[in-house]
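Below, all heavy atoms of this structure are taken into account, side chains as well, without hydrogens, waters or symmetry copies. All figures in this text were calculated on a predicted structure; none of them were measured in a lab. In listed order, ligands and their atoms are each counted from 1.
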Amino acid sequence: MRIVRACREMGIGAVAVYSDVDRASEHVLMADEAHLIGPAASTESYLRIDKLIEVARRSGAEALHPGYGFLAENPGLARACREAGIAFIGPSPETMERMGSKTAARRTAQEAGARVVPGAENPLDSAEEAEKEAQRCGYPVLLKAVAGGGGKGMRLVASGQQMASAWRDARSEAENAFGDASLYVEKYLERPRHVEIQVLADQHGNVVHLGERECSLQRRHQKLVEESPSPLVTAELREAMGARAVGIARAAGYTNAGTVEFLLVASPKSEFGWEFYFLEVNTRLQVEHAVTEMVTGIDLVKEQIRIAAGERLSLRQEQIEWRGWAIECRIYAEDPENNFFPCPGRITRLERPAGPGVRVDGYVYEGWEVPLAYDPLLAKLICWGSTREEAVARLRRALDEYVVAGIQTNVAFFRRLLQEGAFLRGELDTELVNRMLAQGAARPPAPPAAVEAAAVAAALSEMTAPTNGLRLPDRQARFGQAGPPEPPSRWKQAGRQAALRGPGRRGR
Ligand code: ADP
C-alpha cells in the first residue's frame, strides 16, 4: 500500500500480487491491477521468483518494487528482473550479494575505514574454531548466521562450555531460515544502542545520507520502536556517521535506498562520547523508513522509483534538513501477556488514530481476518512533533485513540512503554525492553477500585437509561482510564502558575 500510494502520486499504475488468503487484503483492493500467485504458503507464492516475473511480464510492468519482506533482499529476484528487462527498484544483484553476507559486508566496511564489532573475518568451520575466535575477542560472544536477518541464527554464548550446543542450535536455525548454515563470531557488546543511517544513491555516483534512526528498543533483537533523530546523536556525530555510511555505500557500489546499521557504546575516549561500530547493511527500504520521511520531508519510495528509472538525485547533501522528531511503534497482532505469541484472527472493530502529526501505515480493516501464515505486523503508528516531548505526547494520545478488537495486540504494552522513565529521558539500549518485561511490564495494570465502581455504575445506568453518546465502559476501554492514576491537571497547573505570576503577565 505504501508503494501503491507513491505510484499513484507519481501517475504510475500499480500491479499487486497476492496469495489465496490475501484475496481481500487492502493492498489488492487499492492497486490498479492484482494477480493471484498461489496458496498461503509463501514458498508457493510470495517467495516464487518465477511467478513474480511472469506477472510482471503479463501485466507489462516496467519496474518491480520488492517491498521490505520476503524476497526484498534476495539477489536472485534482482537478477531475474535484469534478465527479463524489468527495472529492479533496489541495488544491483552483485551489491546485494556482497552485503547479504555479513562477513563480506564487514570486510567492505573495513575497507571504507569503518570500525566493525571485533570478531571473525570469515565464516567458521566448526565449534572449536568458534571457541578459538571467542577466546580471542573475549566472552560473551554472539554466534551469528553469515546470511542472517530478523535475528535468526543468532545465539549469545557466555562461556566455552556453551559453545558446542549454541553452535548446533544456531546452525540448524540458520539452515532452516536461509538455506545457509554458515556462522561467524562477534564480540557481544553490553547494552549497545542501535543507530542506523539512511542513504540514497543514484546510478550516476551521487550518494547522500538522510540522517539517523535510533532503533534501540527491541525484543529478541527485533525492533519495536524507532525514532529520528536519535536522542544521543549530536550534529557532529551525525556528520561523522553519515560520512562513514556514505563511504561504505560508495565502497559497495551501492545504488537506490539502503541503510547502514551501527551499534554504539559509550566511550569517554571518543570525541563524541560514543564509539560506533558497523553492524550490517540492509539493501532495501526499512520498515521504519517513515520516521525519516517525517523529519526530512523526503518521500523515500518516490526517490527509489526515480533512482531506478535512472534519474539523478534531486537533492545535494547540504540541501537535506531535519525538522522536529518522529517516533514509530510497530503494532503487532500478538499477546504481550502470553510471551508475545502471535494472535491472528478476525478484527471485529477497528478505529485508527488520526489528527495532527499522526500517520498510520497499515493494511487491516474491520472484518479482516489476520492470516496465520505471515508476520503479524498490522500497522506502523508514526507520530511527529516539533520536539521529542511533543512526539511522545502525540504517540500517547494516538495509542489511546487506537481500538483493535477481536484479536490481541501490543497497543496497551506501548502505552506502558511510553511511561517508562528511561524511555522518556531518551536513555535507550537494546536490553531496556527485556528489563521492563522482567519487571512485569507485559501485565496490564490492575484497574483502580474507583474506576471499577464507575464502570459498574455506568453499566447499571445504561440498563435503565440508554444514551446516544459514547458509553462510559467504552470510554474507559478507549482512553485508557483503567491505567495508572492521572498526574495533576496540566491545565489547572498552568492556571495556578499564571495566577502566582500576577494579573499583568497572564496569557503569556
Ligand atoms: P539481523 O540481521 O538478524 O537483524 P543484526 O546483525 O542486524 O541481525 O543485529 C540485530 C540486533 O541484534 C542488533 O540491533 C542488536 O540488538 C543485536 N546485536 C547484533 N550484534 C550484536 C553484538 N555484537 N553485540 C550486542 N548486540 C548485538
| request: Write down, by chain and number, every protein residue that brings a non-hydrogen atom to less than 4.0 Å from an atom of ligand 1. | output: K102, V117, L142, K144, G148, G149, G150, G151, M154, E186, K187, Y188, L189, P192, H194, Q218, H221, E261, L263, L279, E280, T430
| message | Name the residue from Q286, R213, Q198, E226 that meets the side-chain hydrogen bond (donor to acceptor under 3.5 Å, both in side chains) definition with T292. | response | R213
| query | How would you list, by chain and number, every residue that makes a ring pair (Phe, Tyr, Trp, His ring centres under 6.0 Å) with Y363, sequence neighbours excluded? | reply | W368
| said: Using the side chain to side chain contact (heavy atoms under 4.5 Å, CB included) criterion, which residues pair with A104? Sequence neighbours excluded. | reply: R98, S101, R107
| Any donor-acceptor N/O pair, T95 side chain to A252 backbone, under 3.5 Å | yes
| message | Going by side chain to side chain contact (heavy atoms under 4.5 Å, CB included), name the residues that satisfy it together with A84, two or more places apart in sequence or in a different chain. | response | I53, R57, I86
| said: Within 45 degrees of the ring normal and closer than 6.0 Å to the centroid, is that where the cationic atom of R219 sits relative to F340? | reply: yes
